[in-house]
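Residue numbers count from 1 along this sequence. Whatever order the structure lists ligands and atoms in, that order sets their numbers, starting from 1.
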Amino acid sequence: MANDLPPKEEFSDWYNELLFQAEIMDVRYPAKGVYVWFPFGYDLRNNVYDRLKSLHDESGHDEVDFPVLIPEGILAKEGEHIAGFEDEVFWVTHGGRKELDERMALRPTSETPMYTMFDLWIRSHTDLPLKIYQVANIWRSETEHTRPLIRLREITGFKEAHTAHATPEGAEEQVETALSLYEEFYDFLGVPHVVTERPEWDKFPGAEYTYAVDTLMPDGKALQIGTAHNLGQNFAEAFDVEFETQDGEQDHVYQTSYGVSERCIAAVMGVHGDDNGLVLPSEVAPTQVAVVPIPFGDEDENAEIMETCEKIVDELNDAGIRAELDDSEDNPGAKYYKWELKGTPLRAEVGPRDLESGSAKLVNRLGDEAEAGFDTVVKDVREELDALSEEIRETAADDLDASVVECETYDEARDVVDEGFALVGWNGDEDAGKRIEDEVGVDMLGEPRGYGVGDTAIETCIETGDDAKKIVLLANTY
Ligand SMILES: Nc1ncnc2c1ncn2[C@@H]1O[C@H](COS(=O)(=O)NC(=O)[C@@H](N)CS)[C@@H](O)[C@H]1O
Ligand SMILES: [Mg+2]
């Protein structure tokens, strides 16, 4: 049964069709940029977010839940912040028929409600460092083209972490911790990524500096899948968040915030998916093993086949592996298509020949075959599940590495950014930087962490011909 998904290279159609056919999100909700999770999609989302949350729990963050409604006076307290969000905020103006005397924003992010309370919570250096996070809905009336999971007006899985420290070094270290946490999270998802320092003109409103995590989607566009901001004392001064230092002085706290949204799910879909549908890292697949009986024997054999399949499912589930018996009436081919569409990492088939050989045939989502002895099925299946995750992680990493190309001329850069990331020299001057973006018609992601001028053959600024002070990545972006 040929699947009726468009080929992946028609990425936009493939992505939209897959969201619906694999039952990830239902885009038929009658509001722009607001979508509904299907149960399967929500199961996948929860497996992914369980990991994101446990990484925060394991690194000393406390989980909280702050109010959605932000009185206008609170939202407007930090100048750059309100300037950056005033075009994006949804307002609540009435309670019933009665107009509110102060309108309230639906939170676009939670710096302002949180730091209102930090002022009451933090008195002394002994209250620091304070590290909290929440996974909540936020709202941004994005004017650009909305896309499910990618550019939403209601973001349903906004993981935002906020920290306060007694010293600037504390905040700097926390940004590094945030980036390591994102590194670990995206390695877990097998999603390769680059980390860059966003240029001055593209920082988070109110931040001293912003680091971003970007991955490359199959249409050659970069998707920003996480950000970490050093907020310095900007918000602490606006919200009067002071503390008594060890030597009895008063000082304002040094803060960070860092966020991930359900774009992480879009990244897993886009990076790993193929023409047959989702390809999921085993660790997050809602069903990890589909056990499929092949009843091509006689009455007794078929009964034994079904019994064997049920036993395998029970053993796998008892071992914590999410296995499902597919005893539907569909023919095997239709079953395979359905499980492939949903990215199920492994299929275990049991037919008459397998009864004789005492082992089930394993076929992973990429089509590679293996055997699982009936009495070693848990071990064999676990090995195959891990092998699949490793294989898709490596394939994706190789693809991303190959997509970063050093460019000396604008023409080269224009070609490269159709598929990937152009690396160019820049003299660090803001006007020249903006001309580079205009000349290539893309965004400057910023300086990649881990390598700079001297690590590449690039010596001059692509715009001015001066010596390059920085090398920066350029890309088309969502
Ligand atoms: N409209 C949107 N739809 C989906 N994801 C989004 C949207 N806007 C931002 N994001 C994601 O949310 C992440 C964090 O958003 S942010 O604006 O960069 N940073 C903050 O809001 C800070 N308060 C840190 S939580 C971004 O890196 C991006 O991956
Ligand atoms: Mg105070």
Side-chain angles (χ1 to χ4, degrees), residues 25 27 32-35 37 45 48-49 52 56 61 64 66 70 75 78 80-85 87-90 105-115 118 131-164 171 174-175 178-179 181-182 185-186 189 191 193-198 202-215 217 221-231 234-235 255-270 443 445-446 477-478:
M25 270 210 141
V27 300
K32 176 178 155 69
V34 175
Y35 311 104
W37 286 100
R45 177 251 194 221
V48 170
Y49 274 72
L52 184 58
H56 284 76
H61 299 69
V64 296
F66 269 70
I70 309 177
L75 186 73
E78 206 282 342
E80 264 185 48
H81 189 68
I82 183 63
F85 278 104
D87 295 338
E88 290 199 359
V89 166
F90 283 107
L106 293 183
R107 63 182 169 212
T109 176
S110 302
E111 276 76 5
T112 58
M114 285 187 173
Y115 306 163
F118 282 17
K131 299 194 286 190
I132 61 171
Y133 78 98
Q134 67 181 15
V135 177
N137 295 37
I138 64 165
W139 289 263
R140 297 184 180 184
S141 68
E142 298 279 353
T143 44
E144 283 178 64
H145 187 52
T146 52
R147 301 281 306 261
L149 300 176
I150 290 175
R151 185 171 297 285
L152 307 160
R153 297 183 113 191
E154 175 170 1
I155 300 169
T156 67
F158 193 67
K159 184 290 301 173
E160 51 179 321
H162 298 261
T163 70
Q174 192 61 39
V175 167
L179 293 174
L181 190 155
Y182 288 170
F185 176 58
Y186 283 113
L189 295 175
V191 170
H193 47 276
V194 292
V195 179
T196 54
E197 181 172 358
R198 284 285 188 264
D202 192 24
K203 292 185 307 188
F204 175 72
E208 293 291 308
Y209 57 80
T210 285
Y211 279 111
V213 180
D214 290 289
T215 193
M217 294 290 263
K221 289 165 79 173
L223 180 65
Q224 181 185 282
I225 50 176
T227 27
H229 317 288
N230 187 327
L231 306 176
N234 302 331
F235 284 89
Q255 295 182 268
T256 78
S257 67
Y258 34 104
V260 162
S261 75
E262 49 260 54
R263 284 187 179 177
C264 60
I265 308 290
V268 169
M269 288 176 64
D443 289 331
L445 300 184
T477 58
Y478 275 92

Going by distance only, is there an N or O of Ser261 that falls short of 3.5 Å from an N or O of ligand 1? yes
I want to confirm something. Looking only at heavy atoms, which of Arg140, Glu160, Arg151, Glu111 is nearest to atom 21 (O) of ligand 1? Arg140
Could you tell me whether a side-chain N or O of Arg140 sits under 3.5 Å from a main-chain N or O of Pro108, the two making a donor and an acceptor? yes
Heavy-atom check, side chain of Val191 versus side chain of Ile225, under 4.5 Å: yes
Would a distance-only check, ignoring hydrogens and angles, find a side-chain to backbone donor-acceptor pair under 3.5 Å from Arg263 to Ile150? yes
How far is atom 7 (C) of ligand 1 from the closest protein heavy atom, and which atom is that? Ile155 CD1, 3.5 Å
Which residue and atom name correspond to the protein heavy atom nearest atom 26 (C) of ligand 1, and how close is it? Gln224 NE2, 3.2 Å
Side chains of His162 and Tyr258, donor plus acceptor under 3.5 Å: no
Which residue holds the protein heavy atom closest to atom 3 (N) of ligand 1, what is that atom called, and what is the gap in Å? Leu152 N, 3.0 Å
Any heavy atom of Ile150 sitting closer than 4.0 Å to ligand 1? yes
Between Thr196 and Arg198, does any side-chain donor sit less than 3.5 Å from a side-chain acceptor? yes
Hey, which atoms in ligand 1 end up nearer than 4.0 Å to a heavy atom of Ser257? 22 (C), 23 (N), 24 (C)
Do Glu208 and Asn234 get their side chains close enough for a donor-acceptor pair, meaning under 3.5 Å? yes
How does Tyr258 reach ligand 1, if at all, at less than 4.0 Å between non-hydrogen atoms: by side chain, backbone, both, or neither? backbone
Please list, in number order, the atoms of ligand 1 under 4.0 Å from a heavy atom of Gly226. 27 (O), 29 (O)
Between the side chains of Glu154 and Asn137, does any donor sit under 3.5 Å from an acceptor? yes
Is the ring centre of Phe204 less than 6.0 Å from the ring centre of His81? yes
Among all protein non-hydrogen atoms, which one is nearest to atom 1 (N) of ligand 1, and what is the separation to 0.1 Å? Glu142 OE2, 2.8 Å
Atom 12 (O) of ligand 1 sits nearest the protein heavy atom Phe158 CE1, 3.5 Å
Just checking, any donor-acceptor pair under 3.5 angstrom between side chains of Ser257 and Glu160? no
The answer for which part of His229 has a heavy atom under 4.0 Å from ligand 1 is side chain
Under 4.0 Å between heavy atoms, the region of Thr227 that gets near ligand 1 turns out to be both
For atom 20 (C) of ligand 1, what's the nearest protein heavy-atom neighbour? Residue, atom name and distance, please. Phe204 CE1, 3.4 Å
